[in-house]
**Q** 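Take a look at this one; I'll ask things after.
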Amino acid sequence: MVYSVLRLRKVSTFGISRVLQVDKGSLWGFNLEPESKEFLRLGFFTRDYKNSSGSPKYDFTGTGTTTKFDFTDLTCPHTWYPIARRKKRKVILHVGPTNSGKTYNALKQLEQSSSGVYCGPLRLLAWEVAKRLNKANVPCDLITGQEKELVEGAAHRAVTVEMADVTTGYDCAIIDEIQMVGCKQRGFAFTRALLGLAADELHLCGDPAVVPLIEDILKVTGDDVEVLTYERLSPLVPLKIPVQSVSDIKTGDCLVTFSRKDIYALKKKIEKARKHLCSVVYGSLPPETRTAQATRFNDDTNDFDVLVASDAIGMGLNLNISRIVFSTLQKFDGTETRDLTVSEIKQIAGRAGRFRSKFPVGEVTCLHKDDLPLLHSSLMSPSPLIERAGLFPTFDLLLRYSQAHPKHGLYKILEHFVENAKLSSNYFISNVEDMMKVAALVDELPLGLEKKYLFVVSPVDINDEISGHGFTQFAETFAKSGVVRLKEIFDVDKVKVPKTPTELKELESLHKVLDLYVWLGLRLEDSFPDREVAASQKSICNLLIEQFLEGNRLASPAYVSKSIRRRQLF
């Protein structure tokens with residue numbers, strides 16, 4: 001039986017409508033499947049295309065002669081990047097543990113190059129590199145999914161890896177955290193940069209566990225490969241005793257846990273003892289807020305001398321941490337609760353004892369004695385080898401498949417590649433479950449493949465209720481009228497200082513909606529014309545989040561109200 005979303009909505013705290021119930025007969029039709037319980041709550045369902053027929057023969061010549069083209073053959077992805085293949089690249093692998101200087105040395109080469117690009121896994125890292133190069137009088141553009149800051153005369157760029165330009169030639173290029181080629185969700189972006197960057201010198205920085213895979217992948221590209229191995233610059237000491245109580249917490253400590261709830265519980269418990277104030281860092285905080293929290297923790301002039309964080313500290317932030325204290329060595333990864341891997345433990349623990357900081361010797365321990373054996377054994381073990389890199393078909397392949405199957409929506413096209421792709425032993429098809437959820441939504445709209453694909457690769461958190469519904473309204477309004485005005489989606493008067501963790505989470509979700517609008521506005525300027533307004537409202541969200549995190553110390557309510565009124569541009 002086919003169900004659909006009825007246009008019966010209720011307005012959220014921020015004016016973003018939420019679906020109240022489902023009913024028959026409206027625009028949004030999806031197959032109701034048993035595993036879709038979560039999507040029933042959101043009004044999202046995924047189509048079932050399992051019974052579709054196989055690929056027919058196609059005529060690409062225009063002569064009426066049919067020839068079979070195997071779209072599923074992804075065994076030679078290096079051939080997708082002819083500009084890079086025309087170069088004889090020198091590839092230098094800089095590998096070693098956290099705090100070993102590998103990225104620092106690669107960046108020195110980038111500074112000295114006549115043109116270049118830095119590709120990082122996080123916006124924070126791209127920001128840092130752009131700032132560093134510009135400060136060194138090397139003009140550098142900053143290009144991420146949400147920012148485009150161009151500097152006059154720049155021949156260098158700092159970008160997030162998804163924004164890597166594989167059509168431009170460079171003297172030098174860097175891919176940071178190259179071990180992320182093995183990431184189930186984002187690995188394909190690193191593989192694309194690895195195979196596609198047309199640079200005379202390509203510097204890869206990361207974990208030694210990725211070296212055999214990179215060497216094997218690059219055998220077919222004709223590149224010269226050199227491996228430089230680094231040792232840690234400052235000691236990291238695993239302690240033999242746990243931190244047994246809050247009274248044992250000291251200045252410079254970072255307590256690591258893996259849920260928002262636990263982060264705020266630990267913060268409250270530590271601050272209740274009245275010896276320390278805590279900054280917090282976790283993944284769903286806006287990048288600007290994470291940076292502000294890290295800066296506050298690093299600042300000796302204030303009382304926020306303890307950090308409570310998730311594994312978001314593993315990369316992208318410079319932190320003066322004396323001791324890492326794991327509250328647990330287990331995390332829920334979206335599917336199951338499992339032990340941290342050796343690589344995860346080493347990446348997090350390595351953040352203690354930053355070279356040339358006020359804590360040159362790092363320490364690491366746990367809250368619970370039973371976790372110490374796993375901690376110690378992990379720190380003594382090499383990271384397991386990364387055996388395969390993520391891969392995903394180019395838009396050109398998706399388009400050609402669509403032209404041969406004009407009745408198939410984007411969901412079906414993605415599913416076809418995921419289920420039938422032929423791969424070499426070095427690759428796996430990246431997990432595109434969330435992309436397919438979005439594809440199921442946009443397939444119901446009167447949009448061409450290119451626009452559908454743009455929405456599918458947008459940075460929407462489709463599993464977040466507010467973010468998901470904001471996205472749905474953006475896509476639906478765009479398909480209907482071609483122009484999406486922010487004031488039709490977002491009620492500025494609803495924004496206020498959060499008073500509870502639940503309200504804080506809603507404000508973080510709103511920030512995601514605004515971030516998405518900015519992302520779409522950079523690509524569809526005429527259709528999302530309120531990009532500057534969205535950026536301004538993001539800044540207000542950051543201010544309000546910071547005020548909550550600092551216990552209302554950042555600004556008075558009167559100041560915040562005045563700031564909001566000043567920024568209302570509608």
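Computation of the quantities below employed the complete heavy-atom set of this structure, encompassing side-chain atoms and omitting hydrogens, waters and symmetry-equivalent molecules.
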**Q** Would you kindly say whether Asn426 and Ser424 are connected by a side-chain donor-acceptor distance under 3.5 Å?
**A**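 No donor-acceptor contact under 3.5 Å links the two side chains.
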
**Q** Under 3.5 Å, is there a donor on one side chain and an acceptor on the other for His94 and Ser100?
**A**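 Checked: His94/Ser100 side chains show no N/O donor-acceptor pair below 3.5 Å.
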
**Q** Between Arg232 (side chain) and Thr98 (backbone), is there a donor-acceptor pair under 3.5 Å?
**A**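 Yes.
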
**Q** Check Lys88, Arg89, Lys219 against Asp224 for a salt bridge (Lys or Arg N to Asp or Glu O under 4.0 Å) and give me the one that passes.
**A**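 Of the listed residues Lys88, Arg89, Lys219, the salt bridge (Lys or Arg N to Asp or Glu O under 4.0 Å) partner of Asp224 is Lys88.
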
**Q** More than 12 heavy atoms of other residues, nucleotides or ligands under 6.0 Å from NZ of Lys268: is that the case?
**A** no

**Q** Identify the heavy atoms of Cys254 and Ala309 that sit nearest to each other, and give their distance.
**A** SG-CB, 4.1 Å

**Q** Under a 3.5 Å distance rule, please check whether Ser327 uses its side chain to pair with a backbone N or O of Val256 as donor and acceptor.
**A**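 Such a contact is found between Ser327 side chain and Val256 backbone.
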
**Q** Distance from Lys346 atom NZ to Met380 atom CE, nearest 0.5 Å?
**A**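 Interatomic distance, Lys346 NZ to Met380 CE, rounded to 0.5 Å: 10.0 Å.
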
**Q** Does the side chain of Asp200 come within less than 4.5 Å of Lys90's, by heavy atoms?
**A**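 SC-SC contact between Lys90 and Asp200 ruled out.
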
**Q** Please walk me through it: do Lys250 and Asp253 pass salt bridge (charged side-chain N to carboxylate O under 4.0 Å, His left out)?
**A** CA-CA 6 Å; Lys250 61 185 181 181; Asp253 277 354; 5.3 Å; no

**Q** Is a donor from one side chain sitting under 3.5 angstrom from an acceptor on the other, for Arg290 and Gln293?
**A** no

**Q** I'd like to know if Arg123 pairs up with Asp515 as an ion pair, taking the criterion as any Lys NZ or Arg NE/NH1/NH2 lying under 4.0 Å from an Asp or Glu carboxylate oxygen.
**A**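 Yes, Arg123 and Asp515 are salt-bridged.
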
**Q** Atom OG1 in Thr191, atom CG in Leu213: separation rounded to 0.5 Å?
**A**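 Separation between the atoms: 8.0 Å.
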
**Q** For Pro121, is there any backbone N or O sitting under 3.5 Å from a side-chain donor or acceptor partner on Glu177?
**A**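 Flag not set: sc Glu177 to bb Pro121 has no pair under 3.5 Å.
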
**Q** Any side-chain heavy-atom pair from Arg354 and Asn320 closer than 4.5 angstrom?
**A** yes

**Q** Is NZ or CZ of Arg388 both nearer than 6.0 Å to the six-membered ring centre of Phe428 and within 45° of the ring axis?
**A** no

**Q** What closest approach, in Å, do Leu329 and Asp371 show between heavy atoms, and which atom pair accounts for it?
**A**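 Taking every non-hydrogen atom into account, CD1-O, 3.2 Å.
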
**Q** Under 3.5 Å, is there a donor-acceptor pair between the side chain of Asn302 and the main chain of Arg296?
**A** yes

**Q** Whether the side chain of Glu344 engages the backbone of Thr341 through a donor-acceptor N/O pair (distance < 3.5 Å, no angle test) should be reported.
**A**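 Checking the backbone N and O of Thr341 against the side chain of Glu344, a donor-acceptor pair under 3.5 Å is found.
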
**Q** Got Leu74 and Ile429 here, is their nearest side-chain heavy-atom distance under 4.5 Å?
**A** yes

**Q** If you look at every heavy atom in Ser467 and Val513, which pair is closest and at what distance?
**A** CA-CG2, 3.7 Å

**Q** Report yes if some heavy atom in the side chain of Arg192 is under 4.5 Å from a heavy atom in the side chain of Phe392; otherwise report no.
**A**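 When only atoms from C-beta onward are counted, Phe392 and Arg192 do not touch, as no gap falls below 4.5 Å.
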
**Q** Are side-chain heavy atoms of Ile270 and Leu255 found at a separation under 4.5 Å?
**A**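 Yes, close enough: below the 4.5 Å cut-off.
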
**Q** Hey, what do you get for CG (Leu110) to CG (Asn105), rounding to the nearest 0.5 Å?
**A** 13.0 Å

**Q** Step by step, would you call Glu433 with Lys437 a salt bridge (charged side-chain N to carboxylate O under 4.0 Å, His left out)?
**A** CA-CA 6 Å; Glu433 180 181 349; Lys437 293 173 186 176; 3.7 Å; yes

**Q** Tell me if a side-chain donor or acceptor on His376 pairs with a main-chain N or O of Leu239 at a distance below 3.5 Å.
**A** yes

**Q** Knowing that exactly one of Val243, Val364, Val237 qualifies, which makes a side-chain contact (heavy atoms from CB on, under 4.5 Å) with Arg323?
**A**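 Single side-chain contact (heavy atoms from CB on, under 4.5 Å) partner of Arg323 among Val243, Val364, Val237: Val243.
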
**Q** Kindly say whether Ser113 contributes a backbone atom to a donor-acceptor pair with the side chain of His156 at under 3.5 angstrom?
**A** yes

**Q** Heavy-atom distance under 4.5 Å between the side chains of Thr251 and His276, does that happen here?
**A**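 They are in side-chain contact.
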
**Q** Within this structure, what is the CG-OG distance for the pair Asp461 and Ser284, rounded to the nearest 0.5 Å?
**A** 9.0 Å

**Q** Donor-acceptor pair, distance only, cut-off 3.5 Å: does the side chain of Ser234 make one with the backbone of Val361?
**A**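 Checking the backbone N and O of Val361 against the side chain of Ser234, no donor-acceptor pair under 3.5 Å is found.
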
**Q** Looking at Glu226, I'd like to know if its CD atom is crowded, meaning that more than 12 non-hydrogen atoms belonging to other residues, nucleotides or ligands lie closer than 6.0 Å.
**A** yes

**Q** Closest approach of Pro498 and Leu504, non-hydrogen atoms and distance?
**A**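 Heavy-atom minimum between the residues: CB-N, 3.6 Å.
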
**Q** Got Leu195 and Ile217 here, is their nearest side-chain heavy-atom distance under 4.5 Å?
**A**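 Yes. Closest side-chain heavy atoms under 4.5 Å.
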
**Q** Taking Asp216 for its side chain and Pro212 for its backbone only, find out whether a donor-acceptor pair lies under 3.5 Å.
**A**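 No; judged by distance alone, with no hydrogens or angles, the pair does not exist.
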
**Q** With a 3.5 Å cut-off and no angle check, do the side chains of Asn318 and Asn298 form a donor-acceptor pair?
**A**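 No - no donor-acceptor pair under 3.5 Å links their side chains.
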
**Q** Does the Thr160 side chain pair with the main chain of Glu162, one donor and one acceptor, at a distance under 3.5 Å?
**A** no

**Q** Mind checking the CG-CZ spacing from Asp311 to Phe326? Nearest 0.5 Å is all I need.
**A** 9.5 Å

**Q** Show your reasoning for whether side-chain contact (heavy atoms from CB on, under 4.5 Å) applies to Leu374 and Ile345.
**A** CA-CA 9 Å; Leu374 177 57; Ile345 290 173; 4.2 Å; yes

**Q** Starting at CG of Leu375, measure out to NZ of Lys240 and round the result to the nearest 0.5 Å.
**A**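 Answer for the CG-NZ pair, Leu375 versus Lys240, is 13.0 Å.
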
**Q** When you look at NZ of Lys272, are more than 12 heavy atoms from neighbouring residues, nucleotides or ligands closer to it than 6.0 Å?
**A**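 Counting neighbours around NZ of Lys272, 12 or fewer heavy atoms of other residues, nucleotides or ligands fall under 6.0 Å, so no.
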
**Q** Please find the pair of heavy atoms, one from Trp127 and one from Pro287, that lie closest to each other, and give the distance.
**A**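 In terms of heavy atoms, the two residues are closest at CH2-CB, 3.8 Å.
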
**Q** Does any non-hydrogen side-chain atom of Tyr118 lie less than 4.5 Å from one of Leu133?
**A**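 Answer no - side chains too far apart.
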
**Q** Under the side-chain contact (heavy atoms from CB on, under 4.5 Å) criterion, do Ile321 and Phe297 qualify, and how do the steps go?
**A** CA-CA 9 Å; Ile321 296 172; Phe297 170 70; 3.9 Å; yes

**Q** Which atom names give the shortest non-hydrogen contact between Pro97 and Lys102, and what distance separates them?
**A**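 That would be O-NZ, 2.9 Å.
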
**Q** Other residues, nucleotides and ligands only: do more than 12 of their heavy atoms fall within 6.0 Å of OH on Tyr104?
**A** no

**Q** Around atom NZ of Lys87, are there more than 12 heavy atoms of other residues, nucleotides or ligands at under 6.0 Å?
**A** yes

**Q** Should we say atom CD of Glu215 is surrounded by more than 12 heavy atoms from elsewhere, each under 6.0 Å from it?
**A** yes

